Amino acid sequence: MGLNFRNSTNAAIYVVYAYPNFSCSPVNYAKIGWYRVDPGQTREVWNGYAGGNTFYYYAESSFGRTWAGTYFTQIPEQSFHWCWNVGCTTCRNLGLRRVPVSVIYANYTINLITSTSQSSTESNNVRTALPTKQKAGESLVVRIPKTAKKLKKGAPVTLNRRSFPEKLRRK
């Protein structure tokens, strides 16, 4: 049981995600990263029942593709495990995508792909995600997560996190 990220691209992908954490305030979500997911690999990042939870994620490939959303928070370059509203002077302000997981799924996988030709009919507990389209000059609405509902049993997997590679860091 858990939340997983599958890399269906030809480049390494680094993932950050957020999960409900009632120890955090005023936004009751914690964020954790960076997880390296190699091409063809599936990495578990949440161990336990995923159903009924809402997660947020951001992913970036070694080729510069991003899977981003409109829920912004500060993310450091090194591995971390912080509350949503914690930041730093060297952090990047990154937008995360929202992923509500239905209560009927114990396991849930986000399949990161690069083109629609990779889409296939899969089970309902797999979400296929295309990279974010880059639109210059477009203003984004900045949103924060709503209060999480009752937390389902589970915990973040804190092993196998890394620093975001220095050669890939955007200045």
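Remember, predicted model here, so these are calculated numbers, not experimental data. The figures here come from the full heavy-atom set of this structure, side chains too, leaving out hydrogens, waters and symmetry mates.
Taking each heavy atom of Pro20 and Asn53 in turn, the nearest pair found is CG-OD1, 3.9 Å. Counting all heavy atoms, side chain and backbone alike, Arg97 lies closest to Ala68 at NE-O, 2.9 Å. The nearest pair of heavy atoms linking Tyr17 to Val45 is OH-O, 2.6 Å. Across all non-hydrogen atoms, the minimal contact from Ala129 to Tyr57 is CB-OH, 3.3 Å. Residues Gly95 and Tyr58 approach most closely at O-CD1, 3.4 Å, considering heavy atoms. Between Lys31 and Cys83, the shortest heavy-atom distance links the atoms CE-O, 3.3 Å.
Atoms CD and OG1, on Gln74 and Thr90 in that order, are 9.0 Å from each other to the nearest 0.5 Å. Separating the CZ atom in Phe63 from the CD1 atom in Ile13 is a distance of 10.5 Å, to the nearest 0.5 Å. Thr42 contributes atom OG1, which lies 11.5 Å from atom CD1 of Ile110 (distance to the nearest 0.5 angstrom). Between the CD1 atom in Ile113 and the CG atom in Leu130 there is a gap of 4.0 Å [rounded to 0.5 Å]. To the nearest 0.5 Å, atom CZ of residue Arg43 and atom CG of residue Asp38 are 7.5 Å apart. Atom CZ of Arg36 and atom OG of Ser62 lie 7.0 Å apart (nearest 0.5 Å).
Not a single donor-acceptor pair under 3.5 Å links the side chain of Trp67 to the backbone N or O of Leu112. The main-chain N or O of Phe80 is never found under 3.5 Å from a side-chain atom of Trp34 such that the two would form a donor-acceptor pair. Between the side chain of Asn28 and the backbone N or O of Asn21, no donor-acceptor pair lies under 3.5 Å. A distance-only check finds no donor-acceptor pair linking the side chain of Thr114 to the backbone of Thr9 [under 3.5 Å]. Listed for the Thr73 side chain is a donor-acceptor partner under 3.5 Å among the backbone atoms of Trp84.
For the 3.5 Å distance criterion, the side chains of Ser8 and Asn111 qualify, holding a donor opposite an acceptor.
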Side chain to side chain contact (heavy atoms under 4.5 Å, CB included) for Val126 and Arg6? Distances and angles first, verdict last. CA-CA 9 Å; Val126 176; Arg6 180 182 307 145; 4.2 Å; yes
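Taking the six-membered ring where the residue is Trp, Tyr56 and Tyr29 present perpendicular rings, their angle passing 60° and hence far from 30°.
Under the 6.0 Å cut-off for aromatic ring centres, Tyr35 and Phe5 do not qualify, their centroids lying 6.0 Å or more apart.
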